[in-house]
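Below: one structure, written as structure tokens.
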Amino acid sequence: MLLVTRKHEMACVVDRIDPNSTNDMRFTLAEVGARLSDVFGADNIMWVEGRTEELCFPLIVEEVMHERLRGTEILGVKHTGDFEGKAAKTTYAIYQKLSEGRALMPPAIGFVFDREGKTDQDTQDLERQGNVRFLERRLYENYLLNADAIAAVANGIVGFRDTPLNADEVNAWIEDRLWEAKYFPDGVPGPDNRDLDTWLARIHGAKLLSDLFEDLSEARVVYDKVKYSFALTKWLATHAPDDLRELGEMLVEMIVPNEQPPTSTVSS
């Protein structure tokens, strides 16, 4: 039996779900941020952080790693905050339950989240579930901090500014703010051995890109997380795929094992 608990005004409502009912399926999928069209025909689901990752991860798998998705649908979870703190294990169990019966939803091959907003205990508890992975960097945007890519995307935005933006200017802007406290967890820039790998792992990439777009466009353009992160991913996949390869290897590792190898035949 599958039950869905939801808030309605000031009360908590428990609904019993019939997996054979299209309306019930539609309702239940909506509770986790999916639609029938998202999962129809999918063999597996990989749950990811949000809409940005939902759009960008398939591109990385196909255009950077040159792999097929093999029937896997990549979907963003509805409320990533539900995977933090005490609610994390319960939320994970709900998503797993929804994926157990093929009548309702294809099985989940795994969950891929960023580290933002999650304590070390949160990540350790979820990783023990076996199919939860976390990005090596704080946010997905931390993989997009390539000056040439940023300049190219900015110059493709109508009205970004009166003169073209170049990579040297982007690099100079970033270097001036490399270890600025506001971009780091709890305002603490990091250890004494401040190197590029540490910076890429800990910086708040989305906030940095937001400030960069605002400053270098002279406040004409606001960084659209989904739109411009996808544009940066597309540029990197074509011109600097190695920037995304580490992430691509993790995604492929999760997707490829789910394809059954062909059965070999031996002729006598």
Side-chain angles (χ1 to χ4, degrees), residues 47-54 56-57 60 64 76-77 80-85 88 110-128 132-151 153-154 167-216 222-226 228-233 235-237 240-251 253-254:
W47 292 104
V48 297
E49 188 77 22
R51 181 63 175 162
T52 301
E53 292 79 4
E54 184 178 306
C56 295
F57 284 7
I60 293 172
V64 174
V77 300
T80 55
D82 292 342
F83 286 86
E84 299 169 11
F111 298 75
V112 180
F113 297 135
D114 61 38
R115 296 176 181 273
E116 175 63 14
K118 300 173 185 68
T119 66
D120 289 343
Q121 190 63 52
D122 288 338
T123 60
Q124 291 166 14
D125 288 345
L126 285 169
E127 283 175 334
R128 289 193 194 98
V132 180
R133 302 284 294 274
F134 289 90
L135 303 183
E136 292 298 321
R137 301 178 186 179
R138 182 176 174 185
L139 294 164
Y140 173 61
E141 285 76 17
N142 291 32
Y143 292 88
L144 308 179
L145 303 177
N146 178 301
D148 290 303
I150 294 168
V153 168
D168 289 341
E169 189 174 355
V170 174
N171 270 325
W173 188 96
I174 293 175
E175 287 173 5
D176 283 345
R177 296 159 180 80
L178 271 180
W179 300 101
E180 199 166 313
K182 70 175 181 177
Y183 297 119
F184 292 87
D186 301 320
V188 179
D192 293 334
N193 55 326
R194 296 180 177 181
D195 54 35
L196 181 59
D197 288 340
T198 300
W199 183 80
L200 286 171
R202 290 176 50 82
I203 193 76
H204 195 297
K207 187 180 294 183
L208 187 79
L209 284 168
S210 179
D211 288 353
L212 185 153
F213 268 58
E214 181 179 2
D215 285 356
L216 296 184
V222 174
Y223 187 77
D224 184 313
K225 186 176 184 295
V226 176
Y228 298 140
S229 292
F230 181 80
L232 288 168
T233 303
W235 190 96
L236 290 169
D242 284 348
D243 286 15
L244 300 171
R245 201 167 303 280
E246 175 190 73
L247 175 54
E249 288 172 352
M250 182 183 75
L251 297 174
E253 181 183 329
M254 297 180 72

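For reference, positions follow the sequence shown, starting with 1.
Contact check for L208 versus W173: side-chain heavy atoms found under the 4.5 Å cut-off. Residues I203 and N142 form a side-chain contact, since some pair of their non-hydrogen atoms from C-beta on lies under 4.5 Å apart. With a 4.5 Å cut-off on side-chain heavy atoms, E253 and E249 do not count as touching. Side-chain contact check for L209 versus L145: some heavy-atom pair is nearer than 4.5 Å. At a threshold of 4.5 Å between non-hydrogen side-chain atoms, the residues E53 and L135 do not count as touching. Using a 4.5 Å heavy-atom threshold, the side chains of R138 and E116 count as touching. Put simply, the side chain of R177 does not reach to within 4.5 Å of the side chain of K182, judged on heavy atoms. At least one side-chain heavy atom of D148 sits less than 4.5 Å from a side-chain heavy atom of W235.
Of the N and O atoms on the side chains of Q121 and D125, at least one donor lies less than 3.5 Å from an acceptor on the other residue. Side-chain atoms of T198 and D195 include a donor-acceptor pair closer than 3.5 Å.
Here L247 contributes atom CG and E136 contributes atom CD; the two are 9.5 Å apart, rounded to the nearest 0.5 Å. Atom CZ of R137 and atom CH2 of W199 lie 9.5 Å apart (nearest 0.5 Å). Here the CG-CG distance, from N146 to D243, works out to 5.0 Å after rounding to the nearest 0.5 Å. Atom-to-atom distance recorded for E127:CD and R133:CZ is 8.5 Å, nearest 0.5 angstrom. Interatomic distance, L200 CG to E246 CD, rounded to the nearest 0.5 Å: 9.5 Å. Atom CD of residue E49 and atom SG of residue C56 lie 13.0 Å apart, to the nearest 0.5 angstrom.
When every heavy atom of Y228 is checked against every heavy atom of V222, the shortest pair comes out as CE1-O, 3.5 Å. Across all their heavy atoms, Y183 and D211 have their closest contact at OH-OD2, 2.6 Å. Heavy atoms only, all atoms of each residue included: S229 and T52 are closest at CB-CG2, 3.6 Å. Smallest separation of non-hydrogen atoms from F134 and D114: CD2-O, 3.5 Å. Contact between R245 and V64 at its shortest, heavy atoms only, is NH1-O, 3.6 Å. The two residues A167 and A147 make their nearest non-hydrogen contact at O-CB, 3.6 Å.
Although no hydrogens or angles enter the test, the distance criterion places no donor-acceptor pair under 3.5 Å between the side chain of N171 and the main chain of D168. Using a distance-only test at 3.5 Å, with no hydrogens or angles considered, a donor-acceptor pair links the side chain of R202 to the main chain of V188.
Aromatic rings of F184 and W179 (six-membered ring for Trp) have centroids within the 6.0 Å cut-off, being under it.
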Inset, instruction - Please step through side-chain contact (heavy atoms from CB on, under 4.5 Å) for the pair E141 and K225, ending with a clear verdict. - result: CA-CA 9 Å; E141 285 76 17; K225 186 176 184 295; 3.0 Å; yes
Legend entry - Candidate pair T233 and Y143, rule side-chain hydrogen bond (donor to acceptor under 3.5 Å, both in side chains), full reasoning: CA-CA 9 Å; T233 303; Y143 292 88; over 6 Å; no
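Note on ring orientation: taking the six-membered ring where Trp is involved, the planes of F57 and Y140 are perpendicular (angle over 60°, cut-offs 30° and 60°).
Checked against ring-ring contact (aromatic ring centres under 6.0 Å, His included), F230 has no partners two or more places apart in sequence or in another chain.
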